[in-house]
Amino acid sequence: MKNCLKGHLRREGRQLTFGPGVPYIPAPAWKEYLKGYKPGRKLLGDVENWEELDASQSIIVGSPETVYRRIWKLIEQAKVGNLLIQFHIGNMPAELARKSMKIFAEKVAPRLREDSLKLFQQQFSGINVEHAAETLH
Amino acid sequence: MSGRVLEVNQRKVWLLEDGDDMPLLYLHGFADVHSVKESWLPFHEQLTQRAHLIAPAHPGCAQTDENKDIDVIEDVVFHYLEVLDALDLRKFDLVGSCVGGWIAAEIAVRHPEKIRKLVLIGATGLFVERALIGDVFMMAQPERGSSYAGLRNMLFANAEHPQALEFFPDGMGVLEDELRRYQMLRFGSRIGFKPPYFYNRSLKNRLHRISAPTLVIWGQQDNMVPRAHGETYARSIPNAQPLKVIEQAGHSAPVEMPEVTAQLVLDFLSQ
């Protein structure tokens, strides 16, 4: 797992992509970020086990049911219409990546598609979501 | 001390002012009023005893509105020309520290007739071969997620100086102060993040236009702007005194050695 997370942000050294020294975020947004900020917290590249990885919320891992629940929460809260997923990270064996893609496509994606269609029909009744969904398939 | 809002070109500019006598416009730097604290530091308090000190916060700092159109130093100069108009300042003393010193020099080369006396303290703004300005943005990234020792080391001679630790504490300080520091870095990034890094190649050949008597002050151990920059300023401004070096001070001499620095400035202004 540590190998897989090589190259991700870690506490050691300085991060040169995000932080006070890369001040591209407007001040009000930075204020919001600071409210939940814990100095010295572990970053994605620092995690040592699955529990920490899961708690970091930077990645979604688990059974089809868990993965469904986590993504569904995002869809519900943020009204996500499109998902881009990175199945392969670090030096993960290609077979493993293929396996999880297959499980996702068979057991998670159909449920998400069906449920989000219902959700969007309720919430955006003015838009013909069914038609939009058909053109995507 | 009183603070007020100035309306400049449909934007709010926040400034602090105090004292009477000659107007003295002070332009702040990284470890300074507006960028680490909302009120005067001891250095400024000493100045107010013998001058009418006016210290506006740079665009995006303290309560001054951000100006997203600011891209290069020229834009900042024009911002301040409008501030001068709004304040009806026609002849004044100008003191700038760090980035504020750069802005002061840029104003002075364009409008030498407006400046009675000029003081530059650890000013950025020049390109000096083999003496690059230290990367404050790199240092503003905490080490191990929480240590700002690198930043303190860049801005002060002594990274463990009580004020250095107060203004740039490890971990997270008071939210308002964190934001203040961030706003200053954000302002700095508008004119110094992408190369040219906090300098304007054209400035050096314009310095001869400055006619005001000028004092250039440098901390003995400035880890951000090498002393060669101070020597270049002092050499290139016709009416400048020899460079004054303050011992036991780094880049933020007004913070580390407030009394000595303020006295130097006041003596020079009253000469």
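Owing to the predicted nature of the structure, the values given are computational and were not obtained by experimental measurement. Heavy atoms only: backbone and side chains are in, while hydrogens, waters and symmetry mates are out. Residue numbers start from 1 in every chain, and the chains themselves are labelled A, B, ... in the order their sequence lines are given, proteins ahead of strands.
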Side chain, backbone, both or neither of A:Leu43 within contact of chain B (heavy atoms, under 4.5 Å): neither
Among the options A:Gly40, A:Pro39, A:Gly21, pick out the one with the most heavy-atom pairs lying under 4.5 Å from chain B. A:Gly21
Can you tell me if NZ on A:Lys107 sees more than 12 non-hydrogen neighbours from other groups inside 6.0 Å? no
Leading residue by heavy atom contact count with chain A [cutoff under 4.5 Å; candidates B:Arg190, B:Glu178, B:Met139, B:Glu176]: B:Met139
For A:Tyr37, which atoms come within 4.5 Å of any heavy atom of chain B: side chain, backbone, both, or neither? both
Is it true that atom CE of A:Met92 has more than 12 heavy atoms of other residues, nucleotides or ligands lying nearer than 6.0 Å? yes
Interface moiety of B:Phe187 toward chain A, non-hydrogen atoms closer than 4.5 Å: neither
Could you tell me whether A:Lys42 atom NZ has more than 12 heavy atoms of other residues or ligands within 6.0 Å of it? yes
Quick one: does B:Tyr182's side chain have a donor or acceptor within less than 3.5 Å of a partner on A:Ile25's backbone? yes
Residues A:Pro23 and B:Leu185: closest non-hydrogen pair is CG-O, 3.6 Å
Counting only heavy atoms not in B:Glu38 (residues, nucleotides, ligands), do more than 12 fall under 6.0 Å from its CD? no
Counting distance only, does the side-chain N/O of A:Arg14 pair as donor-acceptor with the main-chain N or O of B:Pro142 below 3.5 Å? no
Heavy-atom count around A:Glu76 CD within 6.0 Å, excluding the residue itself: above 12? yes
Under 4.5 Å from any heavy atom of chain A - which part of B:Gln183: side chain
Side chain, backbone, both or neither: which part of A:Pro28 has a heavy atom under 4.5 Å from chain B? neither
Within 6.0 angstrom of B:Tyr197 OH, more than 12 heavy atoms from elsewhere: yes
Minimum heavy-atom distance A:Leu34-B:Met172, with the two atoms named: O-CE, 3.5 Å
Contact summary for B:Gln141 and A:Pro20, nearest pair of heavy atoms: OE1-CD, 3.7 Å
Drop me the distance from B:Arg181's CZ to A:Trp30's CH2, to the nearest 0.5 angstrom. 11.5 Å
